[in-house]
Enquirer: 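Below is a structure I'd like to ask you about.
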Amino acid sequence: EEESRNLRHGESLYNMVGRLGGDSSLSANGKKYAEALYEFIENREMIDGEKEFDRKQNDSTWSLNSKVEALRVFTSTLKRTLETAEKFEEDPEKYEISHIKFLNEIYAGAFEDMTYEEIKLKHPDEYLARQEQKLQYRYPGAGGESYLDVIERLRPVIIELERMRVDALVVTHQVVMRTLLAYFTGIPLCDVPKVKVPLHTLYCLQPKPYGADLHRYAYDP
Ligand code: F6P
């Protein structure tokens, strides 16, 4: 079965200062991660897996698709994902890249570019409303989205991923990652906003008749 490898973009300048959304570039750390990611996908050795996953890199179930021959690469249309996947652009024969707006991060409407502290201070009611109903809460202002909105727009992407006959690499954002992981590993809808998806971590999903095998690789420079 085909594998899908999913990750958040490398650390962005906004991640460093805790600002939501926006379209900032990668930080110096984020750029290092992007390079290590490319080497890892090419050679499977530059990123140290977490201890328990280390051994699995060499076991037989895992080495099924170990050498990458061709990969469909998907990014969002935001700079931090384009920059994370930049290296893959150099080999279009091997890596076919598509930039998909549906993979963009949740749009925080009027609260884009703010920090959680600013929202809490200036809009305490909104802050509280989101705490209480994170899944349903829709950000105010034009284009503001809720988790449910993002989950809805991801439907066609998930159908495409399931239908594909080659491996895919998906470079995306926190809310989208939570949704994809939840969908492929059977986490219930109500828990989607709570799924932990740290930066600089690659998730490899191998679909099985029921559910999927999941391997997690954390970048440890
Ligand atoms: O902080 C990074 C980020 O991707 C923001 O752009 C986005 O609003 C947020 O994470 C989503 O996480 P949460 O739903 O937990 O606020």
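What you see is a predicted model, and the numbers here were worked out from it, not measured in a lab. Order of appearance sets the numbers: ligands from 1, and atoms from 1 within every ligand.
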Enquirer: With K101, which residues qualify under side-chain contact (heavy atoms from CB on, under 4.5 Å), at least two apart?
Expert: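 Result, side-chain contact (heavy atoms from CB on, under 4.5 Å) vs K101: T77, N104.
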Enquirer: Just do the ring-ring contact (aromatic ring centres under 6.0 Å, His included) check on Y137 and Y139 with the steps written out, would you?
Expert: CA-CA 7 Å; Y137 174 85; Y139 278 109; 5.4 Å; yes
Enquirer: Within a strict 4.5 Å, meaning less than it, do heavy atoms of the I119 and M114 side chains meet?
Expert: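 Yes, side chains in contact.
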Enquirer: Which is it for N15 and R8 under the side-chain contact (heavy atoms from CB on, under 4.5 Å) test, yes or no, and what are the steps along the way?
Expert: CA-CA 12 Å; N15 290 143; R8 289 177 70 190; 4.2 Å; yes
Enquirer: Indicate yes or no for a side-chain donor-acceptor contact from E112 to the backbone of G22 under 3.5 Å, with no hydrogens or angles considered.
Expert: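 At least one qualifying donor-acceptor pair exists.
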Enquirer: Give the residues near ligand 1 by chain and number, with the criterion being a heavy-atom distance under 4.0 Å.
Expert: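 Its neighbours under 4.0 Å (heavy atoms only) are R8, N15, L20, G21, E105, I106, Y116, R130, K134, Y147, Q174, V175, R178, given by chain and number.
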Enquirer: Would you sort out whether L169 and R72 count as a side-chain contact (heavy atoms from CB on, under 4.5 Å), showing the intermediate values?
Expert: CA-CA 6 Å; L169 177 73; R72 283 289 308 276; over 6 Å; no
